[in-house]
Undergrad: 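Have a look at this one.
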Amino acid sequence: MPLPLKGTCNGMLLTCSALVTAWAEVEETLKRIQAHKGVIGTIVVNAEGIPIRTTLDNSTTVQYAGLLHQLTMKARSTVRDIDPQNDLTFLRIRSKKHEIMVAPDKEYLLIVIQNPCE
Amino acid sequence: MFGDGVARGADVESLWRRDQGTRCEAKSCQTEEISTVEVAVQSHSSRDAGMQTDQSEESIQDLDLQKEAPVDYAGLLSFLQGVEDVVIKELNKNWISHAFDGFEVNWVDQNETVSCLHNLSYPEAQDQKLQVTSISWNATGSVVACSYGRLDDGDWSTEKSYVCTWNLDRRGLNPKCPDLVVDVPSSVMCLAFHPSQPSLIIGGLYSGEVLIWDTSRIEDPLIWRTGMTDDTHTDPVYQVDWLQDSKHSHHFQILSVSTDGKILVWQTERDGQLTLVEGFALVAQQIPRSMKLKKRTRGETAVGVTSLSFSHFDPSVFIIGMEGGYSLKCSTAVETAAVPRTGSSVPLKAPAQFAFSPHGGPVYCVSCSPFHRNLFLSGGTDGHVHLHSMLQAQPLISLQLSKKYLFSVRWSPVRPLVFAAATGEGEVQLFDFGKSSQKPAVSIKQASAQTPVYCIEFNIKQPQLLAAGDASGLLKIWQLSSDFIQQGPREMNHLEQLANEVTD
C-alpha cells in the first residue's frame with residue numbers, strides 16, 4: 001500500500017475512535033444524571049431548539065424542548081436587560097408536581113426534570 | 001313504261017357488334033371476402049365512494065434523531081462536562097431540601113363550599129313518579145343526559161319512559177324544560193355518551209334491548225337498535241359502554257351488561273341494526289374460587305352481572321360486579337368457551353379470571369381507579385364500599401358508608417384519593433383517603449332520607465361539576481369546592497402506598 005494512503009487510513013481510524021469515545025462519554029454523562037434520585041427525564045437541546053438527546057417519549061420531548069428554549073431565551077434577556085454585565089447561568093422552575101432545571105450554554109441546553117419527593 | 005315492282009331491300013349487316021366484340025375483353029370481378037371481428041363493448045358500472053381522514057390524535061411531530069445534522073460530539077461532550085457538576089449538585093440539594101414544604105400557591109379563586117348549581121327535572125316524568133336511573137355527560141362536558149325509569153319495581157312494566165338532555169352552557173337554560181326529550185317504550189336503565197362524538201348516546205332498556213340515539217337529529221333521534229332477536233338480552237340491561245376498537249381507533253363497538261349473565265359486544269350495521277360480534281357469559285361453575293371463599297353454588301345457573309368497569313391502564317381487563325355479591329376480574333382476551341347455552345349466534349366465552357371476597361349483598365357498582373392500575377372500588381346493598389387491589393382477594397379497606405344501600409360509586413377524575421358514593425339515605429358522600437379513612441370529607445344532602453340517590457357522574461371536562469339523580473326524579477348539578485378539583489403534590493404517592501398494602 002502506498003504510504004500516503006496508509007497514513008490517511010490511520011488518520012481516519014484515529015478520528016473514528018475519537019468520535020466513538022466522545023459519543024460513549026456523552027452517553028455516560030447523561031446516564032449518570034438520569035440515575036440521580038427522582039430524575040424523571042433528561043433532554044439535550046441544540047441552539048435552534050431541536051432536541052438531540054432525550055430519555056422521554058417524542059411528543060413530550062418536543063414540547064419541553066420548544067417551550068423551555070423560548071423561556072430560557074426570555075430569562076436570559078431579562079437578566080441582561082437589568083444588568084448588561086450579567087448573564088443567565090441556571091434556570092429552575094418549580095411546579096406542584098416537579099422541578100425543571102435548565103443549564104444553558106451558547107450552543108446547547110440541558111433540561112433535567114426531577115420529582116423532589118420529600 | 002312503269003310497272004310495279006318490288007325491290008328487294010338492301011341488307012346491311014351490322015358490324016358494330018363484331019367491332020365491339022373485338023374491342024371487348026372478358027373480365028370478371030368479385031368482392032373480396034368481408035372480414036369480421038367480434039368485439040364486445042360494455043358500459044362501466046360506477047359506485048359512489050366516500051373518503052374520510054381518520055380522527056387523529058394530537059399530531060406528534062416526528063422526531064428523527066438519526067437524520068439530524070451531524071452532532072458535534074466533541075463540543076457536546078465539553079458542554080456536558082461543564083454543566084454536569086452544577087446540575088448534580090442542584091439535584092442533590094433538591095432532594096434533601098425542605099424549602100418548599102407546605103408551600104402552596106393559589107392561582108384560582110378558592111371556592112370553599114359545595115353548592116347546588118342546577119335543579120333539573122322533567123315535569124311529565126315527575127308526574128308519572130319516575131326515578132332518575134342513569135346520568136351521562138357528553139364528550140364536550142356541556143350536555144348532561146338523564147334517563148327516567150324505575151329501579152324499585154320488579155315487574156315487567158310496559159310503562160314508557162324518557163331520556164332528557166340539557167345543555168348547561170346555553171344561556172336560556174330552563175331547568176324544567178329539557179333541550180331534547182326522547183320517548184322510549186320501556187324503562188331505560190343506563191346511558192352512555194360517546195367518548196368523542198358529542199351527540200351519540202346509548203341506552204339500555206328494561207326489556208333487554210340496546211338503542212342508540214343521535215341527539216343532533218330532531219325528528220327521529222333513534223339510529224340503531226338491537227331489536228328483539230335471539231341474541232338480545234333476556235333481562236334488563238344495567239350497563240352499557242362504548243368500546244374502542246384496538247385496530248381502528250375511530251371505530252367503536254357497543255358493550256351491554258345484563259343480569260341474564262351475559263356481556264355482549266355489538267357492532268353497528270348500515271341498516272340501523274346492531275349485530276352481535278362477541279360475547280361473554282358467566283356461569284356459576286366457571287367462576288374461579290380462591291381458597292378463602294367457601295360458598296358453593298349450583299352448577300350451570302347463570303349469574304347476573306349488574307355492573308362493569310374497564311381498567312384505564314389495560315383495555316382488555318375489566319371488573320364486574322355480580323348479583324351474588326362477588327366482584328370478578330375478567331379479561332377480553334380469553335379463549336375458554338362458556339358452557340353452551342342455546343340461542344346465541346356467536347360463541348360466548350367465559351371471561352372470569354379471579355374472584356374477590358364477596359359483599360354481603362348484590363354489588364351494584366364497581367369503578368376502576370383512573371390513577372392506579374390495580375385499585376378499584378365496589379359498593380353494594382350492604383352499605384359497604386370495598387377498596388380492592390386486583391392482586392388479592394381481600395379488600396384493602398372496607399368502609400361502611402350507609403345503613404341502607406349504596407347505588408353508585410365513582411372515582412374522581414382529577415384527584416386520585418377521592419371518590420363519591422350515592423347512598424340510599426339521599427346523600428352523596430365524598431371521601432378523601434388523604435384526609436380521613438374513616439368518615440367522609442363532605443356529605444351532600446340531596447333529598448330526604450326516604451329518597452335514595454341512584455346515580456352520580458363526575459364531569460371529566462369540568463371537574464368541579466358532579467351530577468346526581470335521585471328517586472324523586474330530580475337531577476341536581478353540584479359544584480364542588482376547590483380542594484376537590486386540584487391534585488395535591490403527594491397524592492399519587494399516598495395512593496401507591498395504599499395500593500402496596502397488599503398482604504401475603
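Naming convention: chains lettered A, B, ... in sequence-line order (proteins, then strands); numbering from 1 in each chain.
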Undergrad: Taking the side chain as C-beta and beyond, is there a heavy-atom pair between Leu71(A) and Ile93(A) under 4.5 Å?
TA: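 SC-SC contact between Leu71(A) and Ile93(A) confirmed.
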Undergrad: Quick one: what part of Val112(A) sits under 4.5 Å from any heavy atom of chain B, side chain, backbone, both or neither?
TA: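 Just its side chain gets close to chain B.
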Undergrad: What I'd like to find out is whether the side chain of Phe433(B) reaches to under 4.5 Å of the side chain of Leu495(B), using heavy atoms alone.
TA: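 A side-chain contact under 4.5 Å is absent here.
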Undergrad: Heavy-atom pairs under 4.5 Å with chain B: which of Glu107(A), His98(A), Arg32(A) has the most?
TA: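 Top option by heavy-atom pairs under 4.5 Å: Arg32(A).
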Undergrad: Under 6.0 Å from the CH2 atom of Trp23(A), do we count more than 12 heavy atoms belonging to anything else shown?
TA: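 No.
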Undergrad: Look at Val86(B), Val83(B), Asn92(B), Leu80(B) and state which one has the largest set of heavy-atom pairs under 4.5 Å with chain A.
TA: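 That would be Leu80(B).
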Undergrad: Is the CD atom of Gln63(A) crowded by more than 12 outside heavy atoms at less than 6.0 Å?
TA: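 Open: at most 12 neighbouring heavy atoms sit under 6.0 Å from CD of Gln63(A).
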